[in-house]
Amino acid sequence: MQRKRYAPGRTGPTARTGSAARTGSTARTALGLALGLGLAAGLVGCSSGTPSEDVAVDAKAGLAASAAPPGRYQTLFEPCGAVPRAVLQEMLPGAAALPDPERDRAYRGTAAVTYDTDRRVGCSWRADTPEASHRLSLDIERVVSYDSAVSDDDRAQEVYVRKQLAANIPLPPTAPPETGGTPTTGPSGSTTGTAGTGGPSQPAVTGGATPVNAPASAPPGSTAPTAPTPTGPASGGPTPSGAPSATGLEPRVLEGLGDVAYLDDVLGQPRASSRQRSVSVVFRTSNVIVTVSYREEAVGLAEAPDSGELQERARKVARLLADRLEE
């Protein structure tokens, strides 16, 4: 007869039921662990997308940080009170002979009509006598750039350059001339390029001016353009504007006034009984552009008003306004 091996614990249906319960509990535990691991994996997957979002946020922050700075000036001063009375007496010599009400009105000036005095202001003074008429006017503009990539100063420089070019005053050179080749001489004797560089000749630069929008190089087989020659005869006669050339009184770039400045001198067309000359001094300080215009019309004189005297007076007012902007 075969004996049964003894096994501790309960036997029969009850023992099988307990074993099944333990098996179900183990299965539930495994299922819980699987669900937990899946949830953790999902969280890791979601969190893996955050770096790109962080990069996008950082990129936006970088764009904001790289925005061009605003200009130095946010408002403008009152122009009619910017010129002292003593200076006005010099600018308007005929006002002293006017009756008191007219003289006071002449020295008080007339403000220009503008829509926003924080963006643009102006003032004008005038005194007329039987012998001469004098007029002084100021135009002060604060330039604002609406492009975040362009500063107010850079936008003001663009406006200033357009004014200078409109006055036919060449821009100063911005870079030294290139070296490394032998200059070739054109028919007029001006330097038109360099030889031995293996490329086409470059535009000529005459009179210290840099051609505007000049191409970097000319296409093969074409002739390189040359810069326009300075206006006015070389003999030192009057320029088309009426200011003597090569005497220091011709229209020119000014030094020591604002960031950049120029002076223009224009002689009006002769009339039967009068001659007129207008002098303008334009300068830029940061994002503000100032224009000083001074005009004299002489009556009954064959000679035009003196260029040197008018220029000195206009420059004096410009220096006063430049100092006012530095306060």
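The first residue in the sequence is number 1, and the count goes up from there.
Ser133 meets the side-chain contact (heavy atoms from CB on, under 4.5 Å) test with Arg126, Asp128, Glu297; sequence neighbours excluded. Residues forming a side-chain contact (heavy atoms from CB on, under 4.5 Å) with Glu326 (at least two apart in sequence, or on another chain): Arg72, Tyr73, Thr285. When the side-chain contact (heavy atoms from CB on, under 4.5 Å) test is applied to Ser145, the partners found at least two apart in sequence or on another chain are Asp147, Val150, Asp152, Arg155. Arg252 meets the salt bridge (Lys or Arg N to Asp or Glu O under 4.0 Å) test with no other residue; sequence neighbours excluded.
Connection of Leu254 to Leu249 is not established within any shared hydrophobic cluster, with ILVMFWY side chains joined at heavy-atom distances below 4.5 Å, either directly or through further cluster members. Val281 and Leu321 fall within the same hydrophobic cluster, defined by Ile, Leu, Val, Met, Phe, Trp and Tyr side-chain heavy atoms under 4.5 Å apart, directly or through other members.
The closest donor-acceptor contact from the side chain of Asp259 to the backbone of Ser286 lies under 3.5 Å.
By the 4.0 Å N-to-carboxylate-O rule, Asp306 lies too far from Arg277 to be salt-bridged with it.
Tested against Arg142 for a side-chain contact (heavy atoms from CB on, under 4.5 Å), the candidates Asp116, Thr75, Leu76 yield a single pass: Leu76. For the side chain to side chain donor-acceptor pair (under 3.5 Å) with Tyr294, the qualifying choice from Arg313, Arg135, Gln311 is Arg313, the only one to do so.
Two residues are said to be in side-chain contact when any heavy atoms from C-beta on lie closer than 4.5 Å; Val144 and Arg119 meet this criterion. Contact check for Leu88 versus Leu136: side-chain heavy atoms found under the 4.5 Å cut-off.
Under the disulfide bond (SG atoms under 2.5 Å apart) criterion, the residue pairs touching residues 100-139 are Cys80-Cys123, with sequence neighbours excluded. Residue pairs meeting the ring pair (Phe, Tyr, Trp, His ring centres under 6.0 Å) criterion with at least one partner in residues 247-291, sequence neighbours excluded, are Tyr160-Tyr262.
Distance check: Gln157 CD to Arg162 CZ gives 10.5 Å after rounding to the nearest 0.5 Å. The structure places CD1 of Ile140 at 9.0 Å from OG1 of Thr291, a figure rounded to the nearest 0.5 Å. Atom-to-atom distance recorded for Ile169:CD1 and Asp264:CG is 4.5 Å, nearest 0.5 angstrom. Once rounded to the nearest 0.5 Å, the distance linking CD of Gln269 with CD of Gln276 reads 10.5 Å. Considering CG of Leu263 and CZ of Arg315, their distance stands at 7.0 Å, rounded to 0.5 Å.
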